[in-house]
There are 2 protein chains.
Amino acid sequence: MSKQEAEVPGEVDACCPGLLTAPLHADQAVELAKVFKALGDPIRLRLLSMIASRAGGEVCVCDLTPAFDLSQPTISHHLKLLRQAGLIDCERRGTWVYYWLLPEMTDRLAGVLARPAGQPLPERPAEAGVAS
Amino acid sequence: MSKQEAEVPGEVDACCPGLLTAPLHADQAVELAKVFKALGDPIRLRLLSMIASRAGGEVCVCDLTPAFDLSQPTISHHLKLLRQAGLIDCERRGTWVYYWLLPEMTDRLAGVLARPAGQPLPERPAEAGVAS
DNA sequence: AGCTTGCATCGACAAACGTCGATCCAACAG
DNA sequence: CTGTTGGATCGACGTTTGTCGATGCAAGCT
């Protein structure tokens, strides 16, 4: 497992301290977008959440599939996308396949979205529909 | 502006301390996925980055459009999606329209992806292709 | 050897997405 | 009022995505 064509971004370019500090380069944007796109589906978010929050650190697919109203191939497909995004990895153990989180990737995303310390927050409070 | 059908998620459900601590509920997953999907495109990531990293805190569309090899309607479309996701907002000032970041949303995402303090990290080091 | 079970892969197909040119609207300049 | 410019909205069109049933493969059971 984890050895298919899987073009795992992996090294989203160690650089770039964040989206919010400097304009992203086109290549970095492409790599980052792959990962965010993987998170852009409710099923995949729930799968990732179920995997990440598991006590032992890993989950058997046989525990994931019945949690959704979707066919087994569909769940398998979503797991594949999460794996190709570098968010999870898996291993076959006997009859079953186990998935676990790769925290490096979620850490990286959190860092990319984080606002660098005391960013001034330009003067504009939080007018989300104030209709001044 | 900022007053169209724009079903801004906004309150992705103040709860949920993170994706990684407990299985996400279906509704929360749907809301979160909308925002991540908005980030799942290289153009939108670069737009957001250009807007967020701007000194004055806001950018005129006329500064954004020429930075890409895309038509003006396409850029406008991407900006609309970012706005509907609650990531940015805009205002018309005279002839020009200015966009700025809504840091609440990026903060929320960063929080959702963050690993709660000293999460054990189950024993599995970081085998990204160890092929044991 | 056969059968069964757990998952992945393979088309297929409808829905969603990214892009464009054309058009429309708001604001300013003559 | 007329013309111009910045930007949003409107179809249209090709590509990608999410889903399925059918099939393939690996591992255990009898």
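Quick note on labels: first sequence line is chain A, next is B, and so on, each numbered from 1.
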Tell me whether A/Arg44 contacts the main-chain N or O of A/Lys37 through its side chain, where contact means a donor paired with an acceptor under 3.5 Å. yes
Expressed as a whole number of angstroms, how long is the span from A/Lys80:NZ to C/dG6:P? 22 Å
Is B/Lys37 close enough to C/dC17 that one of its side-chain N or O atoms is under 4.0 Å from OP1 or OP2 there? yes
Backbone N or O of A/Pro103 within a donor-acceptor pair of the A/Thr106 side chain at under 3.5 Å? yes
Quick one: name the residues clustered hydrophobically with A/Val30, using the 4.5 Å side-chain heavy-atom rule over I, L, V, M, F, W, Y, and just say none if it's on its own. none
Determine the minimum heavy-atom distance between B/Leu82 and B/Ala38, stating which atoms define it. CD2-O, 4.0 Å
Decide, yes or no, whether a salt bridge links B/Glu104 with A/Arg115 under the criterion of side-chain N to carboxylate O below 4.0 Å. no
Which whole-number value in Å describes the distance from B/Leu81 CG to D/dA8 P? 12 Å
Rounded to whole Å, how long is the line connecting atom OH of A/Tyr98 with atom P of C/dC7? 8 Å
How close or far is atom P of C/dA8 from atom CG of A/Leu47, stated in whole angstroms? 11 Å
Do B/Ile51 and B/Met105 belong to the same hydrophobic cluster, where Ile, Leu, Val, Met, Phe, Trp and Tyr are linked whenever their side-chain heavy atoms lie under 4.5 Å apart, directly or via other members? yes
As a test of reading the structure: which of C/dG6, D/dA8, C/dT9 is closest to the side chain of B/Tyr99, going by heavy atoms? D/dA8
Taking CH2 from A/Trp96 and P from C/dT4, how many angstroms apart are they, rounded to a whole number? 18 Å
Under 3.5 Å, is there a donor-acceptor pair between the side chain of B/Gln28 and the main chain of B/His25? yes
I need the CD1-C1' distance between B/Ile88 and D/dG7, as an integer number of Å. 14 Å
Rounded to whole Å, how long is the line connecting atom CZ of A/Arg83 with atom P of C/dC7? 13 Å
Residues in residues 59-68 of chain A with a heavy atom under 4.0 Å of DNA chain C, by number, are A/Cys60, A/Val61, A/Cys62
ILVMFWY network linking A/Leu81 to A/Val97, side-chain heavy atoms under 4.5 angstrom: no
Could you see if B/Leu101 belongs to whatever hydrophobic cluster contains B/Ile75? Use Ile, Leu, Val, Met, Phe, Trp, Tyr and a side-chain cutoff under 4.5 Å. yes
Could you tell me how far apart B/Ile75 (CD1) and C/dG21 (P) are, to the nearest whole angstrom? 13 Å
Per-nucleotide protein contact along nucleotides 19-30 of chain D, 5' to 3', at a 4.0 Å heavy-atom cut-off (B base, S sugar-phosphate only, - neither), is BBBB----SS--
